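Data first, discussion second: the structure below is written as structure tokens.
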Amino acid sequence: MAQIFPKWTNRLPLYLALGVLVIGTTVVLLLWYYGSPRYLEVGYRPIQPVAYSHKLHAGDLGMDCRYCHTAVEKSRFATVPPTQTCMNCHQLILPESQKLLPVRESWATGDPIEWVRVHNLPDYAYFDHSRHIQSGVGCISCHGNVAQMEIVSQVEPLNMGWCLTCHRDPAPNLRPVDQVTNMAWQPPADHAEWAARFMQEHNIRPPEDCSACHR
Amino acid sequence: MSPIKKGHTLTGKQYWRSLDELAGTPEFEDWLHREFPQGASEWNNAWSRRSFLTLMGASLALAGLSGCRRPEEHIVPYVKKPEDMVPGNPLKYATAIPMGLHACGLLVESHEGRPTKIEGNLKHPANRGRTDARIQASVLDLYDPDRSTVPSRGGVRSDWTAFVSFWREQFVAFQATGGEGLAVLSETFSSPTMMRLRRAFEARFPNARWVAWDPISDENRYEAIRAVLGRVHQPVFHYDRAKVVLSLESDFLLTEPEAVTATLGFTSGRRIESEKDQMNRLYVVESLYTLTGANADHRLRINSSDVGAFALAVAGELQRQGLAIEGLNGLTVPTMTGRAAEWLAPLAKDLLRARGESLIVAGSGQPAAVHALVMAINGALGNLDRTITYVDNRDAAYPSTSGLTKLTADMAAGKVSALVMIGGNPVYNAPADLNFAAALSKVATSVHLSSRVDETSAATVWHIPRSHYLEMWGDARSLDGTLSVIQPLIEPLYQSVSEVELTALLASGESARGYDLVRETWAGLVTGNFEVGWQTALLNGILSDSALPSIPVNAAQVGIAQAMASHGWSLRPTATTNLEVVFHPCYTTGDGTRANNGWLHELPDPITKLSWDNVATFSPKTARELGVQNEDIVSIQLQGRELSIAAWIVPGQMDNAVGLSFGYGREKAGRVGNGVGVDTYRLRDSQNMYRAGSATVSNTGRRYELATTQDHGSMEGRPIILMASLDEYRENPDFITGASVIPEFMAESEKAKERDLVREYPSSWKEPDYSTGYQWGMSIDLTTCTGCQACTVACQAENNIPIVGKEQVRKGREMHWIRVDRYFTGDVEDPGMEHQPMPCQHCENAPCEQVCPVAATVHDTEGLNVMVYNRCIGTRYCSNNCPYKVRRFNFFNYTDEYPETIKMVQNPEVTVRSRGVMEKCTYCVQRINRGKQVAKLENRSIRDGEVTPACAQACPAEAIVFGNINDSESRVARVKRINRTYSLLGELNTQPRTTYLASIRNPNPEMKA
Amino acid sequence: MAEGERKIYGVLAEFRSTGDLLHAAEKMHGEGFRNWDVHSPFPVHGMDRAMGLGRSPLGFIVGIAGTTGLTLFALFLYWINVYDYPLVISGKPYYSFQAFVPPMFAITILSAALAAFFGMLALNKLPRLFHPLFASKEFEKVTNGGMFISIEASDPRFKHDETAKFLESIGATSVEIVRGEA
Amino acid sequence: MKNGRPVNSLVVDEDNLIPGNPTYESITESVAGIPEQKQTPKAWWALFLTAVSLAGLFFAEIGYLFYEGTGIWGLQIPVAWGFAIVNFVFWVGIGHAGTLISAILFLLRQRWRTSINRFAEAMTIFAVICALMFPTIHVGRVWFIYWTMPIPNQMDMWPNFRSGLVWDAFAVGTYFLCSLLFWYVGLVPDLATLRDRATGKIRKMLYGLFSLGWRGSNRQWRHYELAYLVLAGISTPLVLSVHSIVSTDFATSLVPGWHTTIFPPYFVAGAIFSGFAMVMTLSIIARSVYKLEHIITMKVLERMNIIMLVTGTMVGYAYGMEFFIAWYSGNQYEQFTFINRAFGPYAWAYWIMISCNVIAPQLFWSKKLRTTIPVMFVASIVINIGMWFERFVITMSLSRDFLPSSWDYYSPTIHDIALLVGSFGLFFSLFLLFLRFLPMVAMSEVKAILPQADPHHHTEQIHG
């Protein structure tokens, strides 16, 4: 009669312990997955003002990346091409196409086309395209097989840990410098030995220093 | 397919990335005009790069352990890309900065069309790649948000074409009268194009007049030269050729226009590699404490008005010692007393010993008489054509106060119907007795070309926006006549014109483009194929061997006595007991034109270490007598004019002298400069331009808070700046050793080790291996460093260092990555002064690193102590543990308050720091990385001297050397091996990568200190 | 009342003082009861001996937990500083363990403390919010000043009335039959 | 022997710790009676409302701080640590007395502790809560504070375990948890008492819940006592280590005036000193508000005063020793720092510290003074002021370190002061809630030291 709690409450502590255990782990795991760039960044696929197809140009037509992204070998930025570059061909090819209307407008009015940035590093991280190209890191390593993308999307997380994995062991991502833009290139059987030699010759020692990317 | 991820709500434009590409295009200018309607005082702070860290911060916190769902960001490419421009790689263009009658050659760095950083042009003889703080800061003036954007008539928005048509009418009208009643008031200039157009103007309007005037100038010197040589010649001082220099109140190392050139030359005579080398010797006679005085081997404080008498006494002594000085006869040589008397004999002896290699220079503040006398003495000492040459610069418009006086009188008398002012700001800085403003109100048509609607523009009918020199075509000669093109780095941001374009309009009635005008002039200057010559000139920044030939000046013709007599000049000592006011230009704001430049305001004065204010300086003795202390507001009466200003005590200043600097108290400078300091021009009259006796000073009892960056001026007997005289150094070349407070047992190992001061003590564990690859290090020579602080501003410009404002500086929160410490040495009443640049020392055993809880500051493999802003959480522990206190903390989001234009000056290669993070000198790691990139592309290693931090690059004394200490042949390695090398606070075993070369002075052994 | 149907949990006897309690306990132990217990507002000196209880194993649990915590943390520090991301900090060795002593110590203490707390609860089978004894009104005194001995019906030597008598014989001031629910 | 007390007690002078032969029930009555009061005393309300409004100020200030940034404080370079750190060290120090009384005195069988240990422990917990606030809010980017904890992240970065601040995080965090467990373990039997006396359903439920179904069974007491002993055992080295580690924030730096080996013992002494002062202040208030003179007796207060006298003198010795070592080291920076402390711009703070911490406690040499309530009340407050200034003086060593060029003078802003005052508000709010709803004296422990609690009490003649 003086009992405050019914008998079943004696099992509460057990349930509680189990509950905490289960929920705790789930929360951690969820955070681990949904909180990570692999989820947050990968798959970012904005619609561009011009329905430009990398698949068509780089893939089917087999244009080289550097035709448009001219500065990639000389500069930090790969650079998005000026309207001029589009017009070089499209004054003759499909001059009437509806898809190309924004381009022609830009060309006429001089208002630049506002492309949406897909691969975007925080401003405190300084990535230099030219140095990676020179060291034989293929475009595909970071940007994925753009030549197969109708609409470009982000395929790698591009977070610091991800960068470090390659900086700590670059060999798998190296290729002959003349192959960097080749999306179809496959590493030969003896890639490992080749990479070792290549790193030797070009004295490739990817820095893990903070100062390499942050200034 | 995965859904398109929209960013979290991030309103406003993302300027940065886009701005990079946009700047300089027409769209951008439209935007600017939208952004800054004339006189707009409020601006909106859209999100932009500078706030990125904060932003990422907040969102990172939201998104847990990783990056955020980022905002949608746009890339705005060019429509037509300008050729030879690769986005991401800065370009450098050669141009020149006009400085009145002088000019310095520059290489300006431009990012995607935005000039961001100014460097010296190595090919230019005037500054040989070096700059000073004023030049470094001039890029900020370009983006000054308070510049006027369109011409205005009677304060109403107008435009250039309107003015052109207006002027056409005037033009026609004046042609009839040959320009009767038409006058032009310009700044001094030394420019072929300007002179060509001026002549055209004068030809067109014979009855018109053209007056050139600067509030602060060498007019007295020119007057003397005219009196003695019959016409004005430009003197060129070759400090590099002088063994003995006597400065009679000349601050040639800082405030004189040719400071950079002079510093280069002077310090080249003081750079010593070992105790065997020779040093030049500098005597300074002055009443205020100037930076030149601070660098003197012997300094004599004396009343400004007695300097002339002293010069005459020196002349007399020289004669007594057997030097014949022409035309001195008839002048009574005054007798000196006290230290001045003790000086004469040894000084004269030293000068005689260095005949032809000595140089006496009088300050611009000294009357013409003194300058004339100095010419005579220099002549007699055989210095003419050696350490001093004269050139006949026909392209120079020399200043004329008498011209201004006459013009103002006529204006007041209504004789002037139209006045065109090309630059200048006479309403603010004309001598008070001329009452220029009143006179101006009598002029029917007044036009003012000015970068902003300043005091003068507000009083004129027409205001025409003036182009910044980085926006305009022009040309300029430096003192020796070397000719350089001024070519624009960017299209004018606003509807502004250059002085050249305005003058052209005045002269021809037609609006012309600066480019054509300059080319037209140069057609007559370039020999051989014009296009080729022109392109080379543009490339090199100078016209090769355009330096003017020196005019042979015969000492005999220097008839000083006659000149004196004819002009009624006197050198008699004024036995003044009452207070003497001595005016001097402010190093930073100059004559006041730079008063809206935050970098310059925040830069502390090298002597007082005060920022954001000007003060009346007193010697401790005088202050005691007047019962005045620092920050007391004193009232100064002078010839019936009164001024209230805060007092500051400067040990070593002459007693009974009151130092007042120009350039403050602007009312229409802009949001930065308005109301900063006190306008001292109000005390100045045309008779006493630089000094005035019989002032009375009283303490008002009120106080005014001043912001100083250094509260304590004594070294407290600590081994901070190690010093010796040249003789002491020769006796004991290793005087460094044991000079610091190292305990005995350590001193042993100290002696044992050979002189590479990076490694000092045995370590109790295995130290990291720095023996391979690049190992960066720096050496700072305290012997040559003058303390001019060019490094400080250069660093501020390069590294996006924020301006924090007076209140924050007063709190002790200034952000300069490299500060220059100033210490007084010796006697309290008449002390010596030492300066020490203080950047991060990049200790190998950096105390800051071990205390950071998040490893935000660590070492990299090249020995840099790196500060990772985006990892920093802001505990400030590192700063506490830094014995050099070189770390700076963002207590607020300082850059947040910046107007958008100012953000355009920021260097995209350097992260803009957000609130709550620590920052510090990085050895300009962005430049190191750039150097590595270039080297990598060319598949080689970085050459010595290829990578230079902003401070080293600017330093006009070449005191800072940077490089790879692993390469024993590199300059820095060699300099570090000099036996004067020591590491500051080395006994803490921090093992700094930045070391100092002890300060050596070269006093005259025959003269008592 | 419903008590009739309710199953007997055991007998609860009250005693006057700690002295009586102790002696009673000695006797109980002598009689060889197993499922019985002594209840008092505070631990009674010498009671463990009287009831013939050995040392609590809690000590070992704590000791093991402490050392495990220490070892794991030390290994973790070694891993992050030497393998995962070695950084040159103030020119010190990667594994400058001297500097890691304070956190190691803290972790040791922490794991020990947690072990002590949760170990104690586990050994005492707490929390246990329901207990048949709480049914007794008298029993409320136990946290105030009351001294009790309880014997569970499950005890092999438990005999309804005899046990009650026995308890009175060893000094119980009152004896109560406690019933759990059916 | 009077009222037949046993002679086997470890403490010689134990006569009437609890005067007037109380019964178990009377103890329960007087202690448990307080939280059961139907009518909350006016005095309590008055104190509580003041405290809560100050606590409100505290959190308002924190809000403003997060909005504006640390610039609202008087901080600068060189003095980059100001009130926040001073307050942190101060509050951690306060905490120490609690653990000391509960743990160390327990191990030393100092039975007189039982009347004060409960709220001394409570005080510890609340003080540590206040303390933990400051290092958290004083960082520039507080939203990244979790970076000081080893949590796996996308940067592959870990905290720097060489940093004194990380040590702090671990030490103080551990300290907080252990104190909490220790306190709660002690509470369980008393909560059971409240449970059994409770009338209202909710009170029954709550006390029932938190007393975990305690039955006072000896099989439970057996583990319980050992757990309590173990916790006391590990808390002892912990409490000594915590302030030692806090002191290494300063001692492991190279700032002259910080870089000293004497800091750990000297900080611990200081902590105990200030902690006891705070306990004194609180117990005087508590016993007068709740009429507990018969439980918190003059004897107890007097013993605390003696401890304050001793620790105060130890602290005084440390002050002296600092100067001696500075001179003896022959290091001019050290020497200057200490001369500067006594005669420099912060001399005022230094002499406040000396007079409050070294001179004030000397009063307690006199029996008369150390047994007069008003004297000890004032003294206890004065001592805490002094101890706050000790931390202030030490922190201000920053204002003048190696290079005179960087010397500067730090002066706090209104916000610095508001946060300091506010933290007291938080502390007292929590403490008053504790007084209102929990037994402020460990009943079961007090009962255990009553004469009649000893089984051999009446019967010892038999065992001759």
Side-chain angles (χ1 to χ4, degrees), chain C residues 17-19 21-22 25 37-48 51 53 56 58-59 62 66 76-77 80-81 84-85 87 89-90 92 96 99-100 102-103 105-107 109-110 112-114 116-117 119-121 123-124 126-131 133-134 140-145 150, chain D residues 23-25 28 150 156-158 160-162 166-167 170-171 173-174 177-178 181-182 184-185 189-190 192-193 195-197 208-209 212-227 230-231 234-235 237-238 241 245 248 443-445 447-448 452-459:
Chain C
S17 74
T18 48
L21 196 64
L22 191 69
D37 205 342
V38 173
H39 305 267
S40 55
F42 49 85
V44 178
H45 193 65
M47 186 58 79
D48 293 0
M51 290 177 70
L53 302 171
S56 161
L58 193 59
V62 171
F76 170 73
L77 286 181
I80 66 170
N81 282 292
D84 192 39
Y85 204 157
L87 287 166
I89 288 173
S90 299
K92 291 189 166 58
S96 30
F100 304 152
F105 173 80
I107 290 297
I109 297 286
L110 186 60
L114 292 172
F117 179 71
M120 185 270 280
L121 290 187
L123 291 170
N124 284 342
L126 289 178
R128 177 171 181 180
L129 300 178
F130 172 91
H131 194 282
L133 283 178
F134 291 144
E140 285 179 1
K141 281 196 264 156
V142 75
T143 55
N144 184 356
S150 66
Chain D
T23 62
Y24 303 135
E25 289 73 12
T28 314
D156 276 13
M157 289 288 292
W158 298 104
N160 168 21
F161 284 90
R162 295 166 184 79
V166 174
W167 303 351
F170 278 74
T174 306
L177 272 166
C178 292
L181 293 177
F182 197 20
Y184 180 63
V185 169
D190 290 0
T193 311
R195 171 197 66 198
D196 294 345
R197 291 167 51 96
L209 202 61
L212 308 172
W214 180 258
R215 300 193 302 284
S217 102
N218 193 65
R219 297 179 190 273
Q220 292 179 337
W221 281 122
R222 171 161 154 261
H223 302 303
Y224 177 92
E225 275 189 287
L226 185 56
V230 167
L231 284 172
I234 55 182
S235 299
L238 178 61
S241 78
I245 289 176
T248 56
M443 292 179 276
S444 59
E445 294 193 39
K447 289 172 189 167
Q452 61 267 40
D454 187 320
H456 309 291
H457 175 221
H458 291 299
T459 55

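Just so it is clear, the model here is predicted, and its values are computed rather than measured. Throughout, protein chains are lettered first and strands after them, A, B, ... in sequence-line order, and every chain is numbered starting at 1.
In this structure, D/His223 NE2 and C/Ser56 OG are separated by 5.0 Å, a value rounded to the nearest 0.5 Å. Distance check: D/Asp156 CG to C/Tyr85 OH gives 8.0 Å after rounding to the nearest 0.5 Å. To the nearest 0.5 Å, atom CZ of residue D/Phe170 and atom CD1 of residue C/Ile107 are 5.0 Å apart. For the atom pair CE (C/Met47) and CH2 (D/Trp221), the distance works out to 12.0 Å, reported to the nearest 0.5 Å. The CG atom of C/Asn124 sits 10.5 Å away from the OH atom of D/Tyr224 when rounded to the nearest 0.5 Å. Put simply, OG1 on D/Thr193 and NZ on C/Lys141 are 14.5 Å apart, with the number rounded to the nearest 0.5 Å.
For D/Glu225, the part sitting under 4.5 Å from any heavy atom of chain C is the side chain, from C-beta outward, and nothing else. Contact of C/Leu21 with chain D is not made at all, since no heavy-atom distance falls under 4.5 Å. Only the side chain of D/Tyr184 comes within less than 4.5 Å of a heavy atom in chain C; its backbone stays farther off. Contacts between C/Leu22 and chain D at a heavy-atom distance below 4.5 Å involve the side chain alone, from C-beta outward. Contact of C/Val142 with chain D is made through the side chain alone, with heavy-atom distances under 4.5 Å. Contacts of D/Leu177 with chain C are made by side-chain atoms alone, with heavy-atom separations under 4.5 Å and no backbone atom involved. The contact between C/Leu77 and chain D is made entirely by side chain atoms (from C-beta outward), counting heavy-atom distances below 4.5 Å. Within the 4.5 angstrom heavy-atom criterion, atoms from both the backbone and the side chain of D/Ile234 approach chain C. Heavy atoms of C/Asp84 lying under 4.5 Å from chain D belong exclusively to its side chain.
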Might you work through the side-chain contact (heavy atoms from CB on, under 4.5 Å) test for C/Thr18 and D/Asp454, ending with a clear yes or no?
-> CA-CA 7 Å; C/Thr18 48; D/Asp454 187 320; 6.0 Å; no
Can you check side-chain contact (heavy atoms from CB on, under 4.5 Å) on C/Ile109 and D/Cys178, steps first, answer last?
-> CA-CA 8 Å; C/Ile109 297 286; D/Cys178 292; 3.9 Å; yes
May I have the step-by-step check of side-chain contact (heavy atoms from CB on, under 4.5 Å) for C/Leu53 and D/Asn218, ending in yes or no?
-> CA-CA 10 Å; C/Leu53 302 171; D/Asn218 193 65; 3.8 Å; yes
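The two residues D/Ala227 and C/Ala116 make their nearest non-hydrogen contact at CB-O, 4.1 Å. The minimum heavy-atom distance linking D/Leu226 with C/Gly59 is given by the pair CD2-N, 3.7 Å. Shown here for D/Trp214 and C/Phe134, the closest heavy-atom pair between the two residues is O-CZ, 3.8 Å. Heavy atoms only, all atoms of each residue included: C/Pro102 and D/Ile245 are closest at CB-CD1, 3.7 Å.
Between the side chains of D/Arg162 and C/Ser96, at least one donor N or O lies within less than 3.5 Å of an accepting N or O.
A donor-acceptor distance shorter than 3.5 angstrom exists from the side chain of C/His39 to the backbone of D/Arg215, with no hydrogens or angles considered. Counting only distance, with no hydrogens or angles, the side chain of D/Trp167 and the backbone of C/Phe100 share no donor-acceptor pair below 3.5 Å. At distances below 3.5 Å, at least one donor-acceptor pair connects side-chain atoms of D/Lys447 with backbone N or O atoms of C/Asn144.
A 4.5 Å side-chain heavy-atom check between C/Val44 and D/Pro455 finds at least one atom pair inside the cut-off.
The greatest number of non-hydrogen atom pairs below 4.5 Å with chain D, out of C/Lys92, C/Met120, C/Met51, C/His131, is found for C/His131. The choice from D/Ser241, D/Ala171, D/Gly208, D/Ser235 that makes the most heavy-atom pairs within less than 4.5 Å of chain C is D/Ser241. Chain C forms more heavy-atom pairs under 4.5 Å with one residue of D/Gln220, D/Glu445, D/Arg219 than with any other, namely D/Arg219. Across D/Thr174, D/Val185, D/Val166, the residue that shares the most heavy-atom pairs under 4.5 angstrom with chain C is D/Thr174.
Of the residues listed (D/Asp190, D/Thr28, D/Asp196), the one engaging C/Thr143 in a side chain to side chain contact (heavy atoms under 4.5 Å, CB included) is D/Asp196, and it is the only one.
Taking the six-membered ring where the residue is Trp, C/Phe42 and D/Tyr24 present tilted rings, their angle falling between 30° and 60°.
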